[in-house]
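A quick write-up on the structure given underneath.
Note that the structure is a prediction, hence the values are computed from the model and not measured.
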Amino acid sequence: MTRASPPGRDSLRAEPTPSCSTGSRSEAIRRGGIWPNGPQAGWSVPLRGLLAGGVLGFAFILIAFAGLFGVFAHKVSTASLPADPQADAIVVLTGGTERISQALTLLDEGRARRLLISGVHPGTTRDQIVSVTSADRPLFDCCVDLDRIALNTAGNATETAHWVKKHGFKTLLVVTSAYHLPRASLELTDTLPDIDLVPYPVYASGLDLSSWYSDRKTMQLLMREYVKYTLARLRIGASRIFG
């Protein structure tokens, strides 16, 4: 009787578990072989899509901003004086002696009956304004009012609205720097929707707006003003929607 030989050691050994090296695991994950429905699956494609969309969106915003700024700068640099400016009253927004001098000249020419200088520093006296602008003193004393409350363009518009309503004016000459005029008109239109505004741009000496694109400082000035103008439009639009 033949005796069966005992099973060898190899027959009792468990089948070895296939190993997976770090490299093969990474390759399997990349191909979707491990955790095909897990958190790693499909990450790369959406992420690349989001990044590409963000870059394109940002590029579009920059292009739109540059285009709208160009329109704004062109409008400012080509603004012309009204042929025959006439109104019930004049408002000049402080920010330079030339603005006030031009407004006083318009008043002296009989272009309006009364003038408001809005945004005067509390420490500035009437005598100082007369001296700096060489204004006619009797005309100044009888027909010029000073607003010392306004601190910015929105404040100018608020105080001007109070003054206009107090005197019952229907038309208003708006005197300020050419680059500031779009924002000033925007704010005044919001506070005085029923008043006819006559914009009167003042071109400061030493500031050549006609070639704004060739001068870095002038371009920076216009860009800052355009940002302020845009923010004012957004604020006014939001206030009309949400009250």
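At least one side-chain heavy atom of L209 sits less than 4.5 Å from a side-chain heavy atom of L222. Looking at heavy atoms from C-beta onward, L104 lies in side-chain contact with F140 at the 4.5 angstrom threshold. Under the 4.5 Å side-chain criterion, counting only non-hydrogen atoms from C-beta, T230 is not in contact with F72. Contact annotation: the side chain of T218 never approaches that of D208 to less than 4.5 Å [non-hydrogen atoms, C-beta and beyond].
When atom types are taken as modelled, the side chain of S177 and the backbone of H180 share no donor-acceptor pair closer than 3.5 angstrom. A donor-acceptor contact shorter than 3.5 Å links the side chain of R148 to the backbone of T124. Here the side chain of S239 pairs a donor or acceptor atom with the backbone of I236 at under 3.5 angstrom. Listed for the H121 side chain is a donor-acceptor partner under 3.5 Å among the backbone atoms of G123. Looking at R99, its side chain does come within 3.5 Å of a backbone N or O of T94 through a donor-acceptor pair.
Closest heavy-atom contact between A178 and P182: O-CD, 3.4 Å. The two residues P201 and A79 make their nearest non-hydrogen contact at CG-CB, 4.4 Å. Contact between L197 and S185 at its shortest, heavy atoms only, is CD1-O, 4.0 Å. Taking every heavy atom of both residues into account, Q86 and G110 meet most closely at OE1-O, 3.8 Å. Scanning all heavy atoms of the two residues, the minimum distance from V92 to A103 falls at CB-CB, 3.6 Å. Contact detail for A150 and N156: the closest heavy-atom pair is CB-ND2, 3.3 Å.
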Stepwise salt bridge (Lys or Arg N to Asp or Glu O under 4.0 Å) check, D84 with R111: CA-CA 9 Å; D84 184 27; R111 302 290 181 176; 2.6 Å; yes
Apply the test side chain to side chain contact (heavy atoms under 4.5 Å, CB included) to residues V76 and L181: give CA-CA distance (whole Å), side-chain angles for both, the deciding distance (0.1 Å), then the verdict. CA-CA 8 Å; V76 167; L181 195 53; over 6 Å; no
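At most 12 non-hydrogen atoms from other residues, nucleotides or ligands lie less than 6.0 angstrom from NE2 of H74. Within 6.0 Å of CZ on R137 lie more than 12 heavy atoms contributed by other residues, nucleotides or ligands. Within 6.0 Å of the CG atom in L151, the count of heavy atoms belonging to other residues, nucleotides or ligands does not exceed 12.
Contact check on R126 versus D145 returns no salt bridge, with no Lys/Arg side-chain nitrogen under 4.0 Å from an Asp/Glu carboxylate oxygen. Look at R114 and D88 and you find no salt bridge, because none of the NZ, NE, NH1 or NH2 atoms lies under 4.0 Å from a carboxylate O. Under 4.0 Å is where a charged nitrogen must lie from a carboxylate oxygen, and between R235 and E187 at least one such pair does.
Following chains of ILVMFWY side-chain contacts shorter than 4.5 Å, one can reach F169 starting from L188, so the two form part of one hydrophobic cluster. Follow the hydrophobic side-chain contacts under 4.5 Å out from L186 and you never reach L172; the two are in separate clusters. If you chain together hydrophobic residues whose side chains sit under 4.5 Å apart, I195 and Y200 never meet in one group. Residue L93 is not grouped with residue Y229 when hydrophobic side chains (ILVMFWY) are merged at heavy-atom distances under 4.5 angstrom, including chains of intermediate members. Under the 4.5 Å side-chain heavy-atom criterion for ILVMFWY residues, no single connected hydrophobic cluster contains both L146 and I149.
Rounding to the nearest 0.5 Å gives a distance of 9.0 Å between CG of L115 and CG of L106. H167 contributes atom NE2, which lies 8.0 Å from atom CG of L116 (distance to the nearest 0.5 angstrom). D190 CG to T158 OG1: the interatomic distance, rounded to the nearest 0.5 Å, is 8.5 Å. In this structure, CG on L192 lies 11.5 Å from OG1 on T171, to the nearest 0.5 angstrom. Expressed to the nearest 0.5 Å, how far CG of D136 lies from OG1 of T105 amounts to 11.0 Å. Atoms CG and CZ, from L221 and R216 in turn, are 12.5 Å apart once rounded to the nearest 0.5 Å.
Checked by atom type, the side-chain pair D147/S118 shows a donor-acceptor distance below 3.5 Å.
Each of T160, L173, V164 was evaluated against V91; a single residue qualifies, T160, per the side-chain contact (heavy atoms from CB on, under 4.5 Å) test.
Annotation: W212 is not in aromatic contact with Y203 [ring centroid separation under 6.0 Å not met].
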